[in-house]
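To keep things clear, I will list the structure first and then write my remarks on it.
Note on naming: letters A, B, ... go to the chains in the order of the sequence lines (proteins, then strands), and numbering restarts at 1 for each one.
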Amino acid sequence: MIKFTGVTKEYLKTGAALKQVSFHIARGQFAFLTGHSGAGKTTALRLIYLAERPTAGEVRVSGFSTARAGPREIPRLRRRLGIVFQDFQLLEDRTAEENVAFALEVTGARHTTIRPRVMRVLTQVGLAGKANQYPRELSGGEQQRVAIARARVNDPVVLLADEPTGNLDERATRGIFQLLKDINASGTAVLMATHDLDLVRSMDAHLIELQQGEVVYDSAEDAAGRQPVAP
Amino acid sequence: MIKFTGVTKEYLKTGAALKQVSFHIARGQFAFLTGHSGAGKTTALRLIYLAERPTAGEVRVSGFSTARAGPREIPRLRRRLGIVFQDFQLLEDRTAEENVAFALEVTGARHTTIRPRVMRVLTQVGLAGKANQYPRELSGGEQQRVAIARARVNDPVVLLADEPTGNLDERATRGIFQLLKDINASGTAVLMATHDLDLVRSMDAHLIELQQGEVVYDSAEDAAGRQPVAP
Amino acid sequence: MSLVLRETALAFRRAPLLSALSVTTIAFSLFVFGLFGLVAVNIQRAIGNVAERVEVVAYLKRGTPLQAVALAAADIEAFPEVESVQHVTEQEALARARRDLREFQDIFQDLETNPLPASLDVRLRPAFRDVQRAAAVAERLAALAIVDDVRYGREWVEKLDRLRNIAGAVGTVVGAAFALVAIIIIGTTIRMAVLHRSREIAIMRLVGATDGFIRRPFLLEGILKGLLGGVLAVGLSYGGYALIDAYLLRASFFTAAQATLGVAAGGFIGLVGSLVSVGRHLRST
Amino acid sequence: MSLVLRETALAFRRAPLLSALSVTTIAFSLFVFGLFGLVAVNIQRAIGNVAERVEVVAYLKRGTPLQAVALAAADIEAFPEVESVQHVTEQEALARARRDLREFQDIFQDLETNPLPASLDVRLRPAFRDVQRAAAVAERLAALAIVDDVRYGREWVEKLDRLRNIAGAVGTVVGAAFALVAIIIIGTTIRMAVLHRSREIAIMRLVGATDGFIRRPFLLEGILKGLLGGVLAVGLSYGGYALIDAYLLRASFFTAAQATLGVAAGGFIGLVGSLVSVGRHLRST
Ligand SMILES: Nc1ncnc2c1ncn2[C@@H]1O[C@H](COP(=O)(O)OP(=O)(O)OP(=O)(O)O)[C@@H](O)[C@H]1O
Ligand SMILES: Nc1ncnc2c1ncn2[C@@H]1O[C@H](COP(=O)(O)OP(=O)(O)OP(=O)(O)O)[C@@H](O)[C@H]1O
Ligand SMILES: [Mg+2]
Ligand SMILES: [Mg+2]
């Protein structure tokens, strides 16, 4: 499903953000990507949705490969993904509903099917009552939920979530986490970058830990027993 | 220092975000503002820095009052505040250093003093090595630290922080929190909106809890012993 | 398609000022073209009128019999360059001089003998009304036995030629300058609209929109604004024409086909402008 | 001040395309003005030249003694409207006719008696060169005993008057239209620059910048771009003038003062444009 093979990503100014990273996330799996701030979590996700290309190594996602995919294939890949960005990335001049519908329209979905699907996911994230509000009229947590609804509305095969609960309180966090687990239960693989260790500990999922761009723990490899480095 | 008296804030679309809120934060105090997502924390902070005016009641901040302050006084008030926004609000076409320096230039600070002061706060937040990077070249947590440096560089009398640790991992959170406590120790009042209850419990500070726009707990009022509503 | 239309409508609704200004800019650019076009159309017409009058005059020897004149006229009429030949007798020449040269009426009034010779006035076909051709015809006429002297208003014909050349050169220079202005302005407008929506474009890409999908509403927007601008420009030009025609001098307006071409040019400019601007933006990000 | 300069330099550096395009737009707007200004300057000069030649001609009765003519000339020279009086004898009139009317050279060559009368050619002072004044002078000349007939080229003077009026009207109409275009284009450019930086402005306000502080770099930017545009426009106009002067017809260029005024106008337009755009933005947010 998602396979990193010896992936290195170097930036001119800051050097290597990822160094020789290899891991594999299987179809339908629920996986955590953890690590301190600046460890390379966001960079790893950006490689998956082809916002960046690796300096060395290969990333394969659902039949696409960074080694072969041309620019025309990027949109095709992204339609199969659902992405929740660390900084929401909502359009300020569209309402919550329009922001979610946007992701469907872009894929050329039939018009009559858009509204019901949008309202269903907005209901799932608890925002049915605020469908007509603009981002600036929503609290930070509410904006994050709109972003999650948008990522979910496409029925993606993989959902990438970059700290989806960073701005949420405990109760909302549990709600969103439950939502992600439900999405996963329906067959969608989920890759969630987070530093909420309470969440990580609460679930027996695939866990990958990064430290300064290197994989220091991978529960799939070290099933034998090495413990995560962070407490 | 900061005094809310019967403050109500109503929005056309969503009704009251704050209802009859009264509290008082004394000079030099460290105060938490907690509450679930959508409880009205950000709204309360926006009233303090006069981004909004209350529908009813009065907010007084460091000698300014929402009942009297004209538009010309808003910049004067804001220069006495340091603000960390929930969504960073960094300028994308300026480096970390320029973003911090910006807040000083705006106040007409002498040019020779700007650079040393900027580098000092960047060092305090642990970003001295990334001073020349643009926001998109920083991780989410690093961007948040730039925002904190910018709020701090002015030596404000009050520092308002809207979930400054929302995007940070535990280690960075402890670092930032320590920084805020240091700032407070040097005499600056700190008002921090957060739903990180671990943080709240770790310190014996002034605690105000909002629920659907109402103050449901204020440690200064209920010193007698009523417990916060959230667990 | 309905989404494209909706997006375009949204673009107008969300940035009414910006959109209105794009249209105005395109309209004014085309209006500038229109003004110069009108000048060109009217100069062309004026040149046509003047060119009508280019003729070669062969003054006849005194006392040439009428029969010989008629024969010569028939010969001349057979020249490929010649449209018509008119015989002007001595009396007619005097009458014409009295009529045309009113300043010198008195002189002609007082004359005792008629000093003016008879002539054959030769009109050339439109395609042959230039200096070289007129000179060639004049030469052949001079060779005839009955002809005393030939005049073809060399200076006048040369002046006309120069006027045509000047009009052509001015039209080309000014036209090229304004074409450049229009393209720069339209490019800027659309480029800024693109910049204004660059965040939207970035997000569209992140959720899987193809470049074609992103481009479409901009192109449609460009075409629509261009067409609207073209219609406005034709309207403005008509207003300018009507004012000039009413208060200054009789002028002609564009034909319906020319006006339609102007509107279409607006659409085309809008399309090209947005293609270039959006294309560059998409490649650069 | 150094911060303002630095911010302005930054604006150019960060958005070189946008800045270059603003300057180009202002330059082209002023260039359009410049072209019409040049036309105005040259029509004005041409009218001056033509007006020079307005004169009233009094044809004298045959056989008037020279002494009587000299007396009358002295009288006429004393009229307030009159600049100079020239006596043209019959011989001079014939010589002049031969020279001026080359088409009819033959006629004048063949004449046995001179049919042309002597005349007094009266030049009017510049301020009096119009139809009414010329007619009034003509009337007084006609009353003199030695005068047979008076001509003052009524039609010609009237045509000149109309040309002056037409030039004025066209100049006003076209000038106003282009003033509007220039203001709209410049306003748009700066408005879009402001929109482009609206996030920056919002953040500046949040960290305590006053409106004056926010406004300053935009105003400076506007003035600088305007001045630069003005300089470019003068350069372009000079290029256009040089081309026309070299290939088409002798023309005049602006004086140094007029050119400086043009550049200053650029700066002023830039200032006003940014004041309006920034002011509206600051009030609306
Ligand atoms: N475009 C870029 N250019 C240069 N350096 C970059 C760029 N993007 C990221 N980096 C650097 O790469 C490192 C890893 O960044 P990344 O965003 O992947 O961290 P992260 O694990 O997501 O952190 P956080 O938890 O704070 O979001 C950081 O040190 C960052 O400064
Ligand atoms: N400009 C606005 N117009 C309409 N409703 C608004 C506006 N701003 C905030 N609201 C509403 O007011 C309520 C309180 O919002 P606020 O941003 O203060 O919450 P918060 O406590 O900061 O939440 P979070 O922890 O998610 O940031 C929310 O329900 C929000 O939808
Ligand atoms: Mg990150
Ligand atoms: Mg908030």
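- Contact check on A:E92 versus A:R136 returns no salt bridge, with no Lys/Arg side-chain nitrogen under 4.0 Å from an Asp/Glu carboxylate oxygen.
- Donor-acceptor pairing under 3.5 Å is lacking for the side chains of A:H36 and A:Q211.
- Between A:F23 and A:F4, the angle of the ring planes stays under 30°, which puts this pair in the parallel group of the 30/60° scheme.
- Below 4.5 Å, heavy atoms of chain B meet heavy atoms from A:K130, A:N132, A:Q133, A:Y134, all part of residues 128-135 of chain A.
- Using a 4.5 Å cut-off on side-chain heavy atoms (C-beta onward), B:M203 and B:F30 make contact.
- At a threshold of 4.0 Å, the pair A:R115-A:E97 counts as salt-bridged, since one of the basic side-chain nitrogens sits closer than that to a carboxylate oxygen.
- Annotation: salt bridge (Lys or Arg N to Asp or Glu O under 4.0 Å) contacts of A:K9 (sequence neighbours excluded): A:E52.
- With a 4.5 Å cut-off on non-hydrogen atoms, A:S139 touches chain B through its side chain but not through its backbone.
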